[in-house]
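Because only heavy atoms are used, hydrogens play no part in the values below, and waters and symmetry mates are left out as well, while side chains stay in.
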Amino acid sequence: MTKAIMLQGTGSDVGKTVLVAGLCRLFANRGVRVRPFKPQNMSNNAAVAEDGGEIGRAQWLQSLAARVPSSVHMNPVLLKPQSETGSQIIVQGKVWGQAKGRDYQALKPQLLGAVLQSFATMRAGTDLVIVEGAGSPAEINLRKGDIANMGFATRANVPVVLVGDIDRGGVIASLVGTHHILPDEDRRMIRGYLINKFRGDLSLFGEGVDAIGGFTGWPCYGVVPWLRAASRLPAEDSVVLERLARGSDGALKIAVPVLPRISNFDDFDPLRAEPDVDLVFVRAGERIPADAGLVVLPGSKSTIGDLMDLRAQGWDQDIAAHARRGGRVIGICGGYQMLGRRVHDPLGIEGLVTEIPGLGLLDVETEMAPEKTLRNSLAFSREYDAPLSGYEIHLGVTHGVDCNRPSTMIDGRPDGALSSDGLIMGTYLHGLFTSDAYRAKLLASFGLTGERVDYRAGVEAALDEIAAELEAVLDPAWLDSLVH
């Protein structure tokens with residue numbers, strides 16, 4: 001019978017996603033048929049699974065780690081926060097509805113059947129499923145109807161390992177406190193715990209392990225060091241943007257405004273990996289640097305709402321000044337829509353504002369439509385004569401004079417637009433910068449002709465490095481018990 005284990009955290013951002021990815025690669029390297037699973041995820045970083053629907057980018061990465069095709073069943077419920085309409089609810093890859101936070105709590109029991117069905121699908125033909133929780137089981141105010149943590153674990157009878165983050169402090173209290181407040185039914189599901197993000201002399205924490213065991217009776221399955229290779233993996237959570245906001249001292253400064261509903265911001269990870277690029281995430285209250293050579297407008301879950309916020313920050317003026325100086329601008333997906341003359345939303349799909357002027361840097365207009373474009377694509381950059389591969393996740397159709405100069409060809413059809421002077425470019429293709437050939441030619445146009453990184457190889461190497469580190473520090477008997 002297929003085995004399963006679930007990692008739950010004492011809080012958000014304790015490193016569950018990376019640990020699941022590392023364990024998937026660890027077991028894949030051992031020849032074990034392993035798959036990831038996350039019952040419920042909340043993220044605007046989405047991927048197009050190989051069976052055709054939307055999942056969280058984290059589960060896409062974990063499927064890469066497991067060396068298996070991605071599937072909508074790896075993340076059956078995906079919540080995508082948007083504007084005043086609340087969160088869009090994706091179920092098994094397709095739009096199911098939308099709800100505000102309180103309303104969603106009442107809807108969760110309706111989704112449990114889909115979650116359990118997807119879990120059964122993932123278990124079929126596999127040796128091990130590694131499940132990732134969301135948030136913390138200690139949020140007992142959300143326990144009723146829960147499908148993300150103990151609600152799932154108890155219904156699916158999946159044992160749990162609790163993950164505590166020692167880097168943020170208070171890890172002993174967080175583990176012991178979780179033990180204390182969980183009801184007996186939930187507490188019985190926990191088999192042990194992991195300490196994550198440890199720095200320094202491990203011998204200093206020996207008494208901490210003894211103390212946690214004394215209070216809880218749980219065994220420690222390992223103390224995981226700070227995994228430096230995790231920084232080379234695609235960014236999964238918007239929390240990461242705070243840590244990425246400081247640029248390096250690269251020769252080319254690339255500025256990315258951090259919009260409130262920014263989506264698919266791992267588009268920029270390949271640029272961040274380049275040693276001669278200074279990638280600056282511009283946050284609220286900051287100005288877009290006047291010395292930036294390139295400004296990139298990212299994807300957005302709510303184009304109109306984020307365009308209003310962009311203006312409220314004064315970034316529209318910064319971008320206009322940048323363009324007047326001859327600076328380059330690239331817009332991806334929602335960012336592409338913002339570059340046009342107007343955005344129309346006659347059906348109110350995004351909210352109450354149904355029309356708004358764009359930045360006017362491209363002679364195009366966009367009309368929102370209820371049908372979502374969702375596909376993985378092979379593409380080609382007409383601008384740089386370079387192959388591309390990526391994916392499309394967007395609402396809306398864009399048309400106008402500048403579309404007669406398409407920036408890319410996606411699956412043989414024209415996409416995007418270029419301004420007449422070639423300085424402003426838009427495209428619906430996510431994953432644009434992942435193409436090493438495209439990235440090399442783009443950076444060469446700014447005079448950067450040094451050797452470029454092999455981004456995908458770097459991600460694979462990081463996964464292997466994390467797997468090796470986990471294998472070195474985790475209890476071997478526990479690892480063996482997961483598959484025997």
Side-chain angles (χ1 to χ4, degrees), residues 6-26 38 41-43 45 57-58 61-62 65 130 132-139 149 160-181 190 192-213 215-216 218-248 265-266 269 272 281 283 459 462-463 465-475 478:
M6 185 174 195
L7 301 191
Q8 296 185 17
T10 57
S12 297
D13 198 34
V14 300
K16 300 184 301 292
T17 296
V18 171
L19 290 177
V20 170
L23 286 169
C24 283
R25 178 52 60 93
L26 185 160
K38 183 159 186 167
N41 199 353
M42 177 177 281
S43 177
N45 256 17
R57 292 293 292 172
L61 173 67
Q62 290 162 352
I130 304 178
E132 179 186 346
S136 168
E139 295 163 344
N149 289 305
V160 172
V161 171
L162 202 58
V163 179
D165 177 0
I166 196 170
D167 187 62
R168 64 174 60 182
V171 71
I172 295 174
S174 63
L175 286 163
V176 174
T178 300
H179 177 277
H180 178 72
I181 68 173
I190 300 178
Y193 69 93
L194 296 172
I195 298 293
N196 197 26
K197 304 183 188 178
F198 186 87
R199 306 177 195 244
D201 184 351
L202 182 56
S203 66
L204 296 176
F205 194 65
E207 292 183 6
V209 170
D210 293 340
I212 295 168
F215 281 112
T216 67
W218 295 334
C220 178
Y221 292 137
V223 179
V224 180
W226 186 273
L227 298 169
R228 298 187 183 281
S231 65
R232 308 203 304 271
L233 298 180
E236 186 265 337
D237 196 302
S238 59
V239 174
V240 175
L241 288 174
E242 294 297 320
R243 299 196 289 267
L244 298 183
R246 301 170 188 82
S248 63
F265 48 82
D266 60 326
D269 287 343
R272 184 166 59 94
F281 288 99
R283 294 172 291 181
V459 171
L463 288 168
E465 184 178 324
I466 290 168
E469 287 199 68
L470 293 180
E471 194 153 29
V473 299
L474 297 183
D475 182 347
W478 174 64

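Put simply, the side chain of N196 gets close to the backbone of V14: a donor and an acceptor are under 3.5 Å apart. Between the side chain of N41 and the backbone N or O of A134, no donor-acceptor pair lies under 3.5 Å. Without hydrogens or angle criteria, T216 side chain to V176 main chain gives no donor-acceptor distance under 3.5 Å.
With sequence neighbours left out, R168 forms a side chain to side chain donor-acceptor pair (under 3.5 Å) with D165. Not a single ring-ring contact (aromatic ring centres under 6.0 Å, His included) links F198 to another residue, sequence neighbours left out. Under the side chain to side chain donor-acceptor pair (under 3.5 Å) criterion, D475 pairs with no residue at all, not counting sequence neighbours. Looking at residues two or more places apart in sequence or on another chain, you find a side chain to side chain contact (heavy atoms under 4.5 Å, CB included) between A21 and Q62, A65, L463. Every residue two or more places apart in sequence or in another chain that forms a salt bridge (charged side-chain N to carboxylate O under 4.0 Å, His left out) with E465 is listed here: R232. In terms of the salt bridge (charged side-chain N to carboxylate O under 4.0 Å, His left out) criterion, D210 has no residue partners (sequence neighbours excluded).
In this structure, CG on N149 lies 10.0 Å from CD on E132, to the nearest 0.5 angstrom. One finds the CG atom of L227 at 9.5 Å from the NZ atom of K197 (value rounded to the nearest 0.5 Å). Distance check, rounded to the nearest 0.5 Å: OG1 of T178 to CD of Q8 gives 9.5 Å. Summarising the geometry, atom OH belonging to Y193 is positioned 12.0 Å from atom OG1 belonging to T10; distances are rounded to the nearest 0.5 Å. Expressed to the nearest 0.5 Å, how far OG of S231 lies from CZ of R272 amounts to 6.5 Å.
For the pair L7/L23, a side-chain contact is recorded, criterion being any heavy-atom separation below 4.5 Å from C-beta on. For the pair F205/V171, a side-chain contact is recorded, criterion being any heavy-atom separation below 4.5 Å from C-beta on. Looking at I195 and V224, their side chains never come closer than 4.5 Å, going by heavy atoms from C-beta outward. The closest side-chain heavy-atom distance from V459 to L61 is below 4.5 Å. L474 is listed as a side-chain neighbour of L194, based on a closest heavy-atom distance under 4.5 Å.
Between G135 and S12, the shortest heavy-atom distance links the atoms CA-OG, 3.6 Å. Taking every heavy atom of both residues into account, I466 and G22 meet most closely at CG2-CA, 3.8 Å. Considering all non-hydrogen atoms of both residues, A467 and R25 come closest at CB-CG, 3.8 Å. Of all the heavy atoms in A462 and A229, the pair that sits closest is CB-O, 3.6 Å. The nearest pair of heavy atoms linking G192 to Y221 is CA-CE1, 3.6 Å. Contact record, G9 with P137: O-CD, 3.1 Å, taken as the closest heavy-atom pair.
In this pair, W218 and H179 present their aromatic rings perpendicular. The plane angle is above 60°, beyond the 30 to 60° band.
Side-chain contact of N45 with S43: a donor-acceptor pair under 3.5 Å is absent, judged by distance alone.
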